[in-house]
Each structure stands twice: as C-alpha cells, then as structure tokens.
Amino acid sequence: MKIASFNINGIKARMDALTDWLTEAEPDVVVLQEIKSVDENFPREHFEDMGYIVETHGQKSFNGVAILSKLPLEDITRGLPDAAGMGREGADDIEARYIEATVMGARNSVRVCGLYLPNGNPVDLNPDGTPIEGSKYDFKLKWFARLEERARALMALEQPFLMAGDFNLIPQAEDAKRPDAWREDALFRPQSRAAFRSLMALGFTDALRATTSAPEVYTFWDYQAGAFDRNDGIRIDHFLLSPQAADCLTDCQIDVFTRAKTKPSDHVPIWVTLDI
DNA sequence: ATGGTCGCCCGGCGA
C-alpha cells in the first residue's frame with residue numbers, strides 16, 4: 001500500500017501538477033494540505049474519474065485538508081478533538097487542519113491521520129519567554145499538544161496508524177540547508193522542537209529517517225530567491241508511524257522532481273509503502 | 001528569509 005502526503009498550496013492552481021504526479025506516482029492514498037478551498041468548490045469529480053474516493057475538510061481561502069483514496073475508507077473524522085482546549089472556543093471549526101480515516105487494505109487496515117500544523121510565525125513572547133496568549137505561536141504549541149493527545153489515544157489501541165502531513169517543523173539542524181537562518185523561527189525554535197520530540201517519544205518512527213541516511217533531504221523550498229536551485233530547503237513534511245505500522249514499512253521517498261516542473265507547489269510529495 | 005514569490009480572490013494577508 002502506497003500512502004503519500006502533499007501540501008499542494010491551493011487546489012485550483014495545482015490541478016495540472018497534482019494530476020500529473022498522481023498519474024506518475026500512482027499512490028493508493030494521498031493526504032493533501034492547503035487545499036485553500038471550501039468543500040463545495042473542490043473538484044472532486046476530476047479525482048473520482050481518476051479512481052479516487054474524495055474526502056475534504058476545507059475552508060475559504062486558507063488551510064484545508066483532504067484525503068484521496070483508491071481503497072475503501074471507513075470512520076472519517078474531521079478536526080482534532082477538544083476544540084475548546086485551544087483557549088478559543090470553536091477554534092478548530094475556523095481552521096480546517098486535520099482529517100482521519102481508516103484505509104482498508106487487502107489483509108489489514110491502517111488509520112491515516114492527515115494534518116496541517118499551524119506555521120506559528122510571528123513568534124510573540126512574554127518577557128519570561130512564554131508565548132503570548134492568543135498569538136500565532138501560542139496557537140501552534142496548543143495545537144501540537146492536542147495532536148499529541150490524539151496520538152496518545154491512538155497509540156493505546158496498538159494498531160497500525162500513521163500521522164502524515166505538513167508539520168511546519170524542522171526536527172534537527174540536518175533538516176535545513178541553513179539551520180542558523182531558522183533558529184528563531186517557529187518552525188525550528190527549541191519550544192517547537194521540544195513539542196515534536198514529545199510527540200515522537202510516544203513511540204513513532206520517522207519513516208524518512210528509518211529508510212535513508214542521505215544528507216540534504218528536504219520537502220519545502222521557498223518560491224523566492226531561487227531557493228530550489230540552491231537546494232536551500234527544509235524538511236517539514238513528515239510520516240510518523242506507530243510501532244505496528246513501522247513493522248510494515250518497506251520504503252519512504254520524497255518526490256523532489258515535482259518541484260522542478262511548471263507551476264509547482266512550494267512543497268513536494270513524500271510517500272511510504274507499507275506491506276499491509 | 002517580518003520577503004526578493006506565490007495563492008487566495010480583488011487589497012492585503014498568510015506562508
């Protein structure tokens with residue numbers, strides 16, 4: 001089973017790029033981020049004609065996630081639990097960033113969590129270094145904590161599951177061409193990395209690092225200043241596998257070639273194959 | 001790398 005994640009940066013602008021990549025890569029399942037579309041305007045028929053089931057969780061102009069699957073899906077849920085836990089009532093109803101579904105494989109099923117973690121910039125801190133209540137950075141860390149709680153609940157089931165998507169998080173210095181440029185950024189600063197490490201400590205396997213030791217491997221390059229041409233990138237799109245899913249892992253790759261095509265997203269797809 | 005570029009959808013925000 002081939003499962004992919006792709007931050008497409010707008011479905012309307014990425015129809016050709018996404019269609020071409022689906023035809024070439026032939027994933028069974030794809031979680032999409034930044035569809036930037038309401039559900040009613042998502043071109044679902046186009047992807048249904050390509051053999052995919054389409055489940056969206058969109059909003060107007062920003063964010064928005066979706067799942068495309070050639071395999072049957074069960075128990076689709078939208079949004080993380082505990083929206084009130086954000087400190088802003090119903091915050092998760094405003095920002096569409098999370099979708100879950102169970103993918104039915106030939107022999108076993110896998111729970112797939114597709115996510116678009118908040119960017120978190122600008123970083124606004126109190127004099128004591130804590131995030132200012134209600135700031136973008138505060139929102140990121142609170143969302144991270146809720147994601148960890150959801151992961152903890154899924155881990156307790158001891159079943160194959162994975163969390164995939166745009167985590168807006170650079171795990172370590174080797175995951176950026178120029179780590180020093182990101183030290184104070186919400187994608188890399190210590191509190192952000194601590195939240196990621198805490199999540200990983202539940203028992204996840206980083207699929208990319210489990211299958212390759214290649215240096216300078218990235219999933220995002222800024223549109224500006226020829227960043228891709230200089231491979232001035234960061235690794236922020238991740239596949240985190242539960243122990244039961246990691247036991248089935250056979251490959252993980254980043255489709256860097258899509259970034260060199262016409263009208264690319266600023267992210268590229270990442271995928272795993274699971275013997276499941 | 002609080003933007004030199006994009007995408008949203010129509011002036012400015014978000015990344």
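Just so we're on the same page: letters track the sequence lines, and every chain starts at 1.
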Under 4.0 angstrom between A/K12 side-chain N/O and B/dC9 OP1 or OP2: yes
Euclidean distance, atom CZ of residue A/R14 to atom P of B/dC6 [Å, nearest integer]: 10 Å
Interatomic distance where CG belongs to A/D185 and P belongs to B/dT2 [whole Å]: 7 Å
Length of the line joining A/Q224:CD and B/dG7:C1', which is rounded to integer Å: 13 Å
Sugar-phosphate only, base, or nothing, as touched by A/R178 at under 4.0 Å among non-hydrogen atoms: base
Nearest-Å distance once atom P is located in both B/dA15 and B/dC9: 15 Å
Earlier contact from the 5' end, DNA chain B, for A/K136 and A/Y223: A/Y223
Separation of B/dC8 P from A/M15 CE (nearest whole Å): 12 Å
Separation between the P atoms of B/dC8 and B/dG3, rounded to whole Å: 24 Å
Ring geometry between A/F196 and A/H238 (parallel below 30°, tilted from 30 to 60°, perpendicular above 60°): tilted
Which nucleotide in B/dG7, B/dG3, B/dA15 has an atom nearest any side-chain atom of A/Y116: B/dA15
Out of B/dA15, B/dC9, B/dG7, whichever nucleotide has its closest atom nearest the side chain of A/K36: B/dG7
Residue whose nearest DNA chain B nucleotide is more 5′ - A/I35 or A/N119: A/I35
Gap in Å between the two C1' atoms, one belonging to B/dG11 and one to B/dC6, rounded: 16 Å
Touch class at under 4.0 angstrom, heavy-atom based, for A/K263 against every strand present: sugar-phosphate
Between B/dC13 and B/dA1 - P atom distance, rounded Å: 22 Å
Cation-aromatic face contact A/R235/A/F220, 6.0 Å, 45 degrees: no
Touch class at under 4.0 angstrom, heavy-atom based, for A/N168 against every strand present: nothing
Sugar-phosphate only, base, or nothing, as touched by A/R230 at under 4.0 Å among non-hydrogen atoms: base
Sugar-phosphate, base or nothing in reach of A/F220, heavy atoms under 4.0 Å: nothing
For atom CH2 of A/W182 and atom C1' of B/dA15, their distance in whole Å: 10 Å
ring-ring contact (aromatic ring centres under 6.0 Å, His included) partner of A/F228, the single match among A/Y223, A/Y218, A/W221, A/F257: A/W221
A/E174 atom CD: more than 12 heavy-atom contacts under 6.0 Å: yes
Any donor-acceptor pair under 3.5 Å from A/T219 side chain to A/D237 backbone: yes
Whole angstrom value for the distance that separates C1' of B/dA1 from CZ of A/R189: 16 Å
Touch class at under 4.0 angstrom, heavy-atom based, for A/A225 against every strand present: base
Spacing of A/F62 atom CZ relative to B/dA15 atom P, expressed in whole Å: 8 Å
